[in-house]
Amino acid sequence: MNNIELSPSDMEVVKSIISKRLEQINQQGGINGKELRVTYLDDQGSPETAQQVVRETMNDKHLIGYIGCWSSTRSKAVSTLIGPARIPFIGGYALTNLFEQYPNMYTAEQGIRNVAANFEKLLLSGYLRPSFVGKKDDLYSIAILEKMYELERKNPSFRVVHEKWFPGEHTYIQADFDSLNKVLKAEKSDFLVLSFESLTTSALIKEIRKAGIDVPVFTALGDLGFVASIIDKRLAGELYDLNVVGIPGTFNLRLQEQIPAFRREIRHSETLELQLSFGARLADSIGIIAEAAKSGNADPADNIRERINRNMMRYIGGSRIYRGWFNDWYFTPERAIAGDVLLAWKPSTSRQLILAPKQYMPINDTLRQVPVLYTHMDMVQLNRVSDTEGSFYASFYLEITSSNPFSMQQLDFTNAARSETSHEYLLDIKKIRERRQLHDMHLYNYMYKISGKFLFEPDLRNYPFDRQRFSISFQPSSALYPFLVQPSPPETRDTVFQVRGWEYSSHYVGFDHDIISFVNTFRQTQQTVPFYKFSYTFVLERARIDFFLKVLTPLLVILTITYFSVYIPLYRFETLEAIQVTSLLASIALYFSAYKPQMEYATISDKIFIFTYIMITSLIGTSILQFVKRKKHNTESHLAKAYQRYVFPIIVLTFTLLIVW
């Protein structure tokens with residue numbers, strides 16, 4: 001761990017996510033029947049400290065591996081110990097070339113080859129006079145600058161006009177800021193690369209903006225989301241960052257599946273997305289090591305570290321894929337996690353991070369430009385929800401803006417219902433508007449009105465107090481022609497629309513990143529194709545008034561009448577029992593007449609009826625007991641009478657309050 005970048009609240013969430021993953025692994029038997037535990041080590045952002053904490057712990061006979069160390073420089077420092085000892089390691093470095101000699105070392109970051117290729121595309125998009133200011137002796141910073149000089153050698157019109165290094169522990173004074181601002185103005189630099197941790201990057205950006213320098217800034221080492229959150233919108237200006245985790249402004253749907261398990265421990269904050277993604281990646285790193293430890297030969301005599309190293313190699317090239325909380329995991333031949341390097345952009349006029357219009361992804365081993373669809377959905381109506389069919393009808397406007405021309409044939413609504421005869425989607429799609437926007441870049445804008453039937457997967461365990469997710473999901477029609485979706489900011493999304501029998505709770509836009517694996521039978525090789533899916537999800541709560549009026553209120557009336565019957569004297573026992581038995585039969589009849597989803601498990605509604613049956617039956621039983629022992633006046637009779645008059649109403653009232661609130 002490194003407490004330089006993560007605040008105490010961030011660390012609390014990260015540890016909570018990791019503890020849930022450990023709990024899950026140990027509930028499934030741990031590793032070879034032994035409990036898996038985690039020890040947190042803090043390198044304090046120092047290569048020397050990182051090396052020291054590894055030296056102090058590497059000889060522990062119970063140690064099976066290390067994860068974390070989000071830095072090429074610190075990972076290089078510990079590699080001289082971890083590498084020769086062949087201790088399994090999943091770090092967070094990009095300079096994979098520095099670790100080629102150690103087959104036990106993997107990284108949860110993209111390799112420098114993919115990062116550098118996309119960085120070059122960014123620089124060539126119109127910048128000719130960049131400047132560089134970086135952290136001295138940091139290996140990643142050195143690699144980024146070398147890429148800039150390499151581009152300078154290949155392109156005579158491109159020139160690095162300024163290079164400056166500061167020690168990591170440097171205390172900045174106003175003279176440092178003034179000197180930097182003076183050089184940037186004198187050299188007429190049109191682009192600035194800052195390669196520092198997030199806090200230092202933020203401080204430098206503030207100073208250059210105060211000096212009136214508005215050039216775009218690339219945050220090499222810092223996290224752009226964190227940098228943008230701590231700089232005032234007026235001062236941040238235009239910012240870029242590569243290798244962002246996920247798509248800004250969206251939820252990772254894979255991670256959303258796990259959030260309910262630790263909802264109580266996580267509170268919403270501006271850095272929630274950073275906390276979740278960072279914690280989930282560490283949890284997945286633990287999970288893949290645990291899976292590798294359990295795979296293959298489980299003989300206790302087998303060296304567990306060597307077993308992990310041996311089985312980790314099966315994840316190289318996609319011959320085996322680990323389905324994690326955060327993503328599907330496999331590694332490139334450089335032992336870097338496979339995936340896409342995305343370019344995040346913060347325009348000068350907005351505080352929101354978005355995907356830059358031009359993205360590049362490897363398709364068929366070639367880096368190709370992939371369009372970004374800037375989307376906005378305006379929900380008009382959501383109704384005719386069917387729990388039994390798992391379907392609903394929706395009508396909405398979908399606005400799409402892209403730097404490339406767009407056609408609806410490129411988009412596949414994955415959860416739209418199909419006709420049973422023609423197998424066509426049951427959707428009505430009308431183009432409302434098409435226009436070109438000529439600003440700093442050429443953009444195509446489209447507006448569609450879409451109506452039709454969609455499918456969802458209802459979870460009715462909490463019916464009628466349930467909360468359901470209604471999604472409009474879509475993906476590229478062809479994996480060979482992918483696109484990325486950047487939704488509009490949350491505050492601009494529609495939250496007021498027509499919906500019957502439900503109440504609006506929340507909504508979000510999510511993405512999932514699947515891995516399509518296929519085998520070339522003739523060459524006996526396996527290949528993988530990444531595939532993105534996107535969804536606008538509306539979370540609605542079922543309106544309870546209908547259930548209260550038609551079910552809960554009648555049951556309370558039945559229970560109340562049954563309770564009053566206990567005050568009838570025992571010499572009118574026939575009347576007493578007639579009322580109680582009739583109440584039981586009435587509650588059973590109400591159950592069969594009330595709406596209830598046909599499920600293989602009991603809902604809350606079912607449990608309410610079962611509770612009613614038990615309570616009325618208990619009154620019938622205690623009434624019979626009192627009648628049988630009516631002449632003895634013993635303890636049993638007194639207890640039965642006390643239960644009927646005092647305990648019964650307390651139980652019913654307590655249960656009712658728990659249900660209502």
Could you work out, with side-chain hydrogen bond (donor to acceptor under 3.5 Å, both in side chains) as the rule, every residue matching T603, not counting sequence neighbours?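 side-chain hydrogen bond (donor to acceptor under 3.5 Å, both in side chains) check on T603 returns D606.
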
Straight-line distance of [X] [atom1] to [Y] [atom2], nearest 0.5 Å:
X: I610; Y: S605; atom1: CD1; atom2: OG; answer: 9.5 Å
X: I144; Y: L139; atom1: CD1; atom2: CG; answer: 12.5 Å
X: K136; Y: S141; atom1: NZ; atom2: OG; answer: 13.0 Å
X: T49; Y: D42; atom1: OG1; atom2: CG; answer: 8.5 Å
X: R320; Y: N311; atom1: CZ; atom2: CG; answer: 6.5 Å
X: I64; Y: N303; atom1: CD1; atom2: CG; answer: 11.5 Å

Is the shortest heavy-atom distance from the side chain of [X] to the side chain of [Y] under 4.5 Å?
X: F226; Y: T219; answer: no
X: L81; Y: I87; answer: no
X: V14; Y: Y40; answer: no
X: L242; Y: F218; answer: yes
X: L540; Y: S505; answer: no
X: T201; Y: L221; answer: no
X: P464; Y: R544; answer: no
X: F474; Y: V485; answer: yes

Between [Y] and [X], is there a side-chain donor-acceptor contact under 3.5 Å, judged purely by atom types and distance?
X: Q44; Y: S46; value: no
X: D138; Y: T73; value: yes
X: Y315; Y: E291; value: yes
X: S285; Y: Y106; value: no
X: S471; Y: S535; value: no

Exam field: side chain [X] to backbone [Y], donor-acceptor pair closer than 3.5 Å:
X: D340; Y: M361; value: no
X: N327; Y: W329; value: no
X: S202; Y: S198; value: yes
X: D223; Y: G225; value: yes
X: Q51; Y: A77; value: yes
X: Q486; Y: I354; value: no
X: N26; Y: L36; value: yes
X: R335; Y: T96; value: no
X: N104; Y: I82; value: yes
X: Q110; Y: A94; value: no

Can you check side-chain hydrogen bond (donor to acceptor under 3.5 Å, both in side chains) on Q52 and E48, steps first, answer last? CA-CA 6 Å; Q52 180 62 29; E48 294 76 16; over 6 Å; no

Kindly write out the residues that satisfy ring pair (Phe, Tyr, Trp, His ring centres under 6.0 Å) with [X], not counting sequence neighbours, or none if the list is empty.
X: F196; result: none
X: Y360; result: none
X: Y102; result: none

Y601 six-ring face occupied by R461 cation (under 6.0 Å, within 45°):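 Ring-cation test returns yes.
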
Is there a side-chain contact (heavy atoms from CB on, under 4.5 Å) between T250 and F534 once you walk through the steps? CA-CA 9 Å; T250 66; F534 307 91; over 6 Å; no

Should the heavy atoms of other residues, nucleotides or ligands under 6.0 Å from CZ of R113 be counted, would the total exceed 12?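 Atom CZ in R113 is not packed in, count stays at 12 or less.
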
Take a 6.0 Å sphere around CD of Q28 and say whether it holds more than 12 heavy atoms from other residues, nucleotides or ligands.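 Check passes, neighbour count above 12.
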
I need the minimum non-hydrogen distance between [X] and [Y], along with the two atoms involved.
X: Q359; Y: V372; result: CG-CG2, 3.4 Å
X: Y240; Y: L224; result: C-CD2, 3.9 Å
X: S473; Y: N415; result: N-OD1, 3.0 Å
X: L460; Y: P597; result: CD1-CB, 3.4 Å
X: F483; Y: P476; result: CE2-CA, 3.4 Å
X: I31; Y: A290; result: CD1-CA, 4.0 Å

Using side-chain contact (heavy atoms from CB on, under 4.5 Å), reason through V78 and Y66 one step at a time and then give a plain yes or no. CA-CA 10 Å; V78 302; Y66 289 98; over 6 Å; no

Evaluate side-chain contact (heavy atoms from CB on, under 4.5 Å) for I289 paired with I67, printing each intermediate quantity in order. CA-CA 9 Å; I289 284 182; I67 65 166; 3.9 Å; yes

Stepwise, does the side-chain contact (heavy atoms from CB on, under 4.5 Å) test hold for L355 with I247? CA-CA 7 Å; L355 291 177; I247 298 172; 3.7 Å; yes

Which of parallel (below 30°), tilted (30 to 60°) and perpendicular (above 60°) describes [X] and [Y]?
X: H507; Y: F538; result: parallel
X: F611; Y: F655; result: parallel
X: F454; Y: F392; result: parallel

Strictly by salt bridge (Lys or Arg N to Asp or Glu O under 4.0 Å), give each pair with a member in residues 76-103 just once, sequence neighbours left out.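 Of all non-adjacent pairs touching residues 76-103, those that pass salt bridge (Lys or Arg N to Asp or Glu O under 4.0 Å) are R86-E306.
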
Could you work out, with side chain to side chain contact (heavy atoms under 4.5 Å, CB included) as the rule, every residue matching Q475, not counting sequence neighbours?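 So Q475 forms a side chain to side chain contact (heavy atoms under 4.5 Å, CB included) with D412, T414, F531, K533.
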
Would F89 and F99 count as a ring-ring contact (aromatic ring centres under 6.0 Å, His included) here? Give the steps. CA-CA 11 Å; F89 177 81; F99 308 92; 7.7 Å; no

